[in-house]
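Remember, it's a predicted structure, so these values are computed and weren't measured experimentally. Here is how names work: the chains are called A, B, and so on, in the same order as the sequence lines, proteins then strands, and each is numbered from 1.
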Amino acid sequence: MLQVAFIRDHKEDVINRLAKRNFDATEMIEEAIALDEERRSTQTKLDNAKADSNALSKEIGNLFKSGEIQKANLLKEKTTQIKEHTKELEQHLNNTIESLDQVLYKIPNVPNDIVPAGNTDEDNEETFREGDIPKLYEGALPHWELAKKYDIIDFELGNKITGAGFPVYKGKGARLQRALITYFLDKNTEAGYTEYQVPHLVNEASGFGTGQLPDKEGQMYHVTEDNLYLIPTAEVPATNIFRDTLLNESELPISITGYTPCFRREAGSYGAHVRGLNRLHQFDKVEILRVEHPDQSYKALEGMVEHVKMILKELKLPYRILRLCGGDLGFTSALTYDFEVFSTAQDRWLEISSVSNFETFQANRLKLRFKNNDGKNELCHTLNGSSLALPRVLAGILENCQTEDGIKIPEVLLPYTGFDMIS
RNA sequence: GGAGAAAUGGCAGAGUGGUCGAAUGCGGCAGUCUUGAAAACUGUUGAGGGUCACACCUCCGGGGGUUCGAAUCCCUCUUUCUCCGCCA
């Protein structure tokens, strides 16, 4: 969430920049500023009331000690009034904070200046494209047909065991997926990211820390018995490593990577858009995450984009990079680059990575700060991205690397798969 | 799952109703000594809010309560440890 102080000091700017999301924040911002005003003045009143009662208590203590019981009892009576007043103020303060938070939760992050205006994914700005779209043989198949033909992914079996959106990978399909996971993790650790294995279920506080809660609980599977949530992305547990943390400036930057399955309840779309591996309830993803000094975060974002580019180039997949427009930008992000691989047989682009700078938006809620060289506490910037999301990379490989004789495995993966062809 | 014990500053560890934001030790920082370092000695050293700066307020696992006053008493939750049971 945004910092109130920032909203107060940059009111017009915040409103104007949020307009890029087609988000009219005028009313909310007025409300937030008013509530904050109220919060601070109530806090001051409460502090003063407490100071009075502390002083009285001390006095009573001293009177008892020196045996002046009567005087002490007289003072005691005086405290009841202050106590009542304090209670009222406390109540009011809590209500005000609650209302203020409710408003702040609803305001999305302020887009970076270079975020293009626009409403939908049509308005995203392509910034880069690489890799040749292969000329496939006559009768080339979409990946779900290939999966069936070579018996490497079984969607029906998943239906039987669990339900739609939970595929079963078999034989070389399973091996290829594992190869990709290991390959991604190796690339990430080579680039300086520390590998983590994090829990796949998180508690309420964690869901709240990264913004899935409140409001967006519908996208997560909820284990009500224990009040835990299955993670929709490693971002949730990985970012919450840093909840309520005060770092030293020298500890920055922090770079971590981790592989997790991801669970998404979202009902999704229909037809070809959810066909095969295009959209699943459970999928695998390798995530990269950084905690940065505010001055360095955009440089870090570029670094992450370059890193993902390098991986896709090695895989020799045709892909493009989009700078998301205001309307398509995620709630918590200030700037996002999406990577899309071209699905030749489906003739469409599939999102395989999303790399974002959240600036202080997550850090504020997480209370993730660092002590700067002046000894002041400052919010860190957080960034994350996929590197990469498995199913669509798999789909991309199956479709783009298909030949009449079978699927030709990209060369960089050979040490990981141990085979060069799925036939 | 059952029985018991515990949770205090970066760490260790005292403190069981009133100058306790908290003894002491270690660690950190600064200084003395030294050519330099170590040792020794001296001083200093938690966080958040608030203020121009003070004042002041809050924080002894979380939440609630008793009391004029709570680290200290009560309730509750969480976590950790020991023992038993179960188990990949």
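- Other residues, nucleotides and ligands contribute only 12 or fewer heavy atoms inside 6.0 Å of the NZ atom of Lys148(A).
- Atom NZ in Lys50(A) sits about 6 Å away from atom C1' in rU58(B), given to the nearest Å.
- Between the P atoms of rC33(B) and rU42(B), the separation comes to 16 Å (whole Å).
- If you measure from atom CG of Asp244(A) to atom P of rA47(B), you get 16 Å, rounded to the nearest angstrom.
- Taking only side-chain atoms of Lys371(A), from C-beta outward, the nucleotide of rU58(B), rA47(B), rG69(B) with the closest atom is rA47(B).
- Asn48(A) places its CG atom 12 Å from the P atom of rU51(B), with the value rounded to the nearest Å.
- A gap of 14 Å separates the P atoms of rA12(B) and rC81(B), to the nearest Å.
- At whole-Å resolution of the value, CG in Asn248(A) and P in rG27(B) are 19 Å apart.
- If you check every strand for non-hydrogen atoms under 4.0 Å, Lys367(A) touches nothing.
- Looking only at side-chain heavy atoms (C-beta outward), His92(A) and Glu38(A) come within less than 4.5 Å of each other.
- The side chain of Asn54(A) contributes an N or O atom lying less than 4.0 Å from OP1 or OP2 of rC57(B).
- For Glu411(A), the CD atom is loosely surrounded, since the number of other residues' heavy atoms within 6.0 Å does not exceed 12.
- Here rG50(B) presents its C1' atom at 13 Å from CG of Leu46(A), a figure rounded to the nearest Å.
- Remark: the separation of the P atoms in rG27(B) and rU35(B) is 25 Å, to the nearest Å.
- Leu56(A) comes within contact range of no nucleotide atom at all, as no heavy-atom separation falls under 4.0 Å.
- Distance NZ (Lys58(A)) to P (rG69(B)): 15 Å, rounded to an integer number of Å.
- A straight line from CZ of Arg39(A) to P of rC57(B) spans 18 Å, rounded to a whole angstrom.
- For Phe64(A), counting side-chain heavy atoms from C-beta on, the closest listed nucleotide (rC57(B), rG18(B), rG50(B)) is rG18(B).
- Here the side chain of Lys83(A) is nearest to one of rA47(B), rC68(B), rU58(B), namely rC68(B).
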May I have the step-by-step check of ring-ring contact (aromatic ring centres under 6.0 Å, His included) for His200(A) and Phe263(A), ending in yes or no?
CA-CA 9 Å; His200(A) 301 164; Phe263(A) 302 90; 7.3 Å; no
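- For Glu340(A) and Arg392(A), the salt-bridge test fails: no basic side-chain N is under 4.0 Å from an acidic carboxylate O.
- Counting non-hydrogen atoms under 4.0 angstrom, Thr79(A) reaches the backbone sugars and phosphates but no base.
- Comparing the C1' positions of rG61(B) and rC57(B) gives a spacing of 22 Å, expressed to the nearest Å.
- Remark: C1' of rU67(B) and CG of Leu75(A) are 16 Å apart, rounded to the nearest angstrom.
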